[in-house]
2 protein chains.
Amino acid sequence: MPRDLRLSRMLHVLIHMDRHVERATSEQISRMIATNPVVVRRMMAGMRDRGVVMSEKGHGGGWQLTRSLDKISLRDVYEGVGAPPLFNIGPEAELSFCLVEQAVDRRLDTTLKDAETRLLAQFDTITVEDVAEDFEQQLKTTERGTSCSAGSGPT
Amino acid sequence: MPRDLRLSRMLHVLIHMDRHVERATSEQISRMIATNPVVVRRMMAGMRDRGVVMSEKGHGGGWQLTRSLDKISLRDVYEGVGAPPLFNIGPEAELSFCLVEQAVDRRLDTTLKDAETRLLAQFDTITVEDVAEDFEQQLKTTERGTSCSAGSGPT
DNA sequence: TTTCATGCAACAAGCAAAGTTTCATGTCTT
DNA sequence: AAGACATGAAACTTTGCTTGTTGCATGAAA
């Protein structure tokens with residue numbers, strides 16, 4: 001249903017990096033989320049700019065976390081991946097000369113801004129570690145050590 | 001910024017219909033929101049199915065409100081235009097075999113569903129009449145009777 | 001110097017809403 | 001009955017944004 005997968009994918013990646021691989025190349029990461037290394041670099045660049053991960057070039061290089069997951073909030077990740085628009089609905093960008101449309105736009109705008117503020121506040125309260133623990137809880141229950149990054153090559 | 005304009009546009013149309021035109025053809029309505037008559041019919045069809053407006057074919061036909069604006073909530077309009085996805089972000093639709101991704105998806109899903117519930121509840125509390133009164137308040141302040149449906153022909 | 005990695009730019013593909021064209025159906029007027 | 005006017009519905013095109021892909025430059029280790 002949604003169109004922007006970056007937040008979801010980045011969370012997925014960060015947890016794998018913390019729990020399973022420590023340092024990973026874009027190539028390896030791209031296999032975790034079934035995509036292309038370039039897409040990974042594009043996403044990771046924003047995280048690096050925010051100081052959540054670091055990258056090293058050259059032989060033996062790759063990506064690495066710079067803090068533990070309990071110091072990374074969903075908000076950090078959301079902004080790291082470029083703070084894409086939260087909502088799919090809303091008024092047109094350019095304001096109209098029609099006072100009716102202006103009133104509609106104002107009302108819709110404030111209502112959505114309110115919802116956005118509340119949701120981002122929620123994002124502030126959730127750490128990636130919280131989500132990682134959800135994962136481990138489930139792992140304990142099912143007994144299978146199923147993870148996605150294992151083995152399977154590209155193409 | 002948003003991609004789905006139907007809620008915004010429909011509100012705009014309903015207020016004009018109540019305050020200015022009473023009965024309007026798709027052609028006239030399409031001029032209000034600067035679009036095509038077919039786009040209007042597509043949007044209005046859902047509103048008709050929900051009993052908010054009625055349509056009549058043939059000479060002298062067109063669209064008409066079946067209730068006053070204070071009996072139409074934003075929620076009604078949102079659902080009338082097809083209840084498009086509220087959010088632009090979120091997890092992939094198909095569930096993964098990777099337990100990490102599953103945990104991420106669950107967490108994101110519940111968080112967004114929560115926000116969705118709150119926003120729709122907010123939509124329940126706002127009537128189109130409320131928005132129409134915003135418009136008239138503004139009208140009183142600026143003294144200009146500016147509206148969009150006046151005069152200007154297509155192309 | 002070769003190999004492996006990121007960095008960056010440009011372009012193609014996929015998807016959903018919006019826009020458009022065309023024709024059928026129904027209704028009022030003359 | 002004929003003509004004008006309106007919705008109804010289907011098919012297709014356009015648009016905007018994310019994602020996917022290719023190519024090349026840059027930097028670091030072997």
Checklist entry - Parallel, tilted or perpendicular: which describes the rings of B/Phe135 and B/His20, with under 30° parallel and over 60° perpendicular? => result perpendicular
Item to check | Presence of A/Thr25 side-chain N/O under 4.0 Å of C/dA5 phosphate oxygens OP1/OP2 | outcome: no
Next on the checklist: Nearest whole Å is fine: how far is C/dA17 P from A/Phe87 CZ?
Outcome noted: 17 Å
Item to check | B/Met44 CE to D/dA9 C1', straight-line distance once rounded to whole Å | outcome: 17 Å
Item to check | Phosphate OP1/OP2 of D/dG16 contacted by B/Arg3 side-chain N/O (<4.0 Å) | outcome: no
Checklist entry - Strictly by modelled atom types, are A/Thr25 and A/Trp63 linked by a side-chain donor-acceptor pair under 3.5 Å? => result no
Checklist entry - Counting side-chain heavy atoms from CB outward, which of C/dA17, D/dG8, C/dT6 is closest to B/Ser55? => result D/dG8
Item to check | Donor-acceptor under 3.5 Å (A/Gln138 side chain, B/Ala103 main chain) | outcome: no
Next on the checklist: B/Arg75 vs B/Glu79, test: salt bridge (charged side-chain N to carboxylate O under 4.0 Å, His left out). Steps then yes/no.
Outcome noted: CA-CA 6 Å; B/Arg75 177 72 166 267; B/Glu79 289 174 355; 2.9 Å; yes
Checklist entry - With sugar-phosphate meaning primed atoms plus P, OP1 and OP2, does A/Arg23 contact a base, only sugar-phosphate, or nothing at under 4.0 Å between heavy atoms? => result nothing
Next on the checklist: So that I can tick it off, tell me whether B/Arg31 and B/Glu27 are bridged by a salt bridge, with the cut-off set at under 4.0 angstrom between side-chain N and carboxylate O.
Outcome noted: yes
Next on the checklist: Checking A/Leu5 now: which residues fulfil side-chain contact (heavy atoms from CB on, under 4.5 Å) with it, not counting sequence neighbours?
Outcome noted: A/Arg9, B/Glu92
Next on the checklist: Does the protein touch nucleotides 20-30 of chain C at the base, only the backbone, or not at all? Give it as B, S and - per nucleotide, heavy atoms under 4.0 Å.
Outcome noted: BB---BBBB--
Checklist entry - At how many degrees, to 10°, do the end axes of the helix from C/dT1-D/dA30 to C/dT30-D/dA1 meet when each uses five pairs? => result 10°
Next on the checklist: Using whole Å, what does the distance between atom P of nucleotide D/dG8 and atom CD of B/Glu27 come to?
Outcome noted: 15 Å
Checklist entry - Within this structure, what is the CE-to-P distance between B/Met54 and D/dA6, rounded to whole angstrom? => result 16 Å
Checklist entry - Within this structure, what is the CG-to-P distance between B/Leu7 and C/dA17, rounded to whole angstrom? => result 14 Å
Next on the checklist: What verdict does the side chain to side chain contact (heavy atoms under 4.5 Å, CB included) test give for B/Gln64 and B/Val53, after you've listed the backbone C-alpha separation in whole Å, the side-chain angles of each residue and the deciding distance to 0.1 Å?
Outcome noted: CA-CA 5 Å; B/Gln64 200 169 347; B/Val53 299; over 6 Å; no
Checklist entry - Rounded to whole angstroms, how far apart are CZ on B/Arg31 and P on C/dG19? => result 16 Å
Next on the checklist: Using the salt bridge (charged side-chain N to carboxylate O under 4.0 Å, His left out) definition, which of the options A/Arg19, A/Arg67, A/Lys71 pairs with A/Glu129?
Outcome noted: A/Arg19
Checklist outcome for this item: In whole angstroms, the gap separating C1' of C/dA18 from CE of B/Met43 amounts to 10 Å
Item to check | Stepwise side chain to side chain donor-acceptor pair (under 3.5 Å) check, B/Ser73 with B/Asp76 | outcome: CA-CA 5 Å; B/Ser73 68; B/Asp76 291 326; 3.2 Å; yes
Checklist entry - What is the distance from CG of A/Asp49 to C1' of C/dG7, rounded to the nearest Å? => result 12 Å
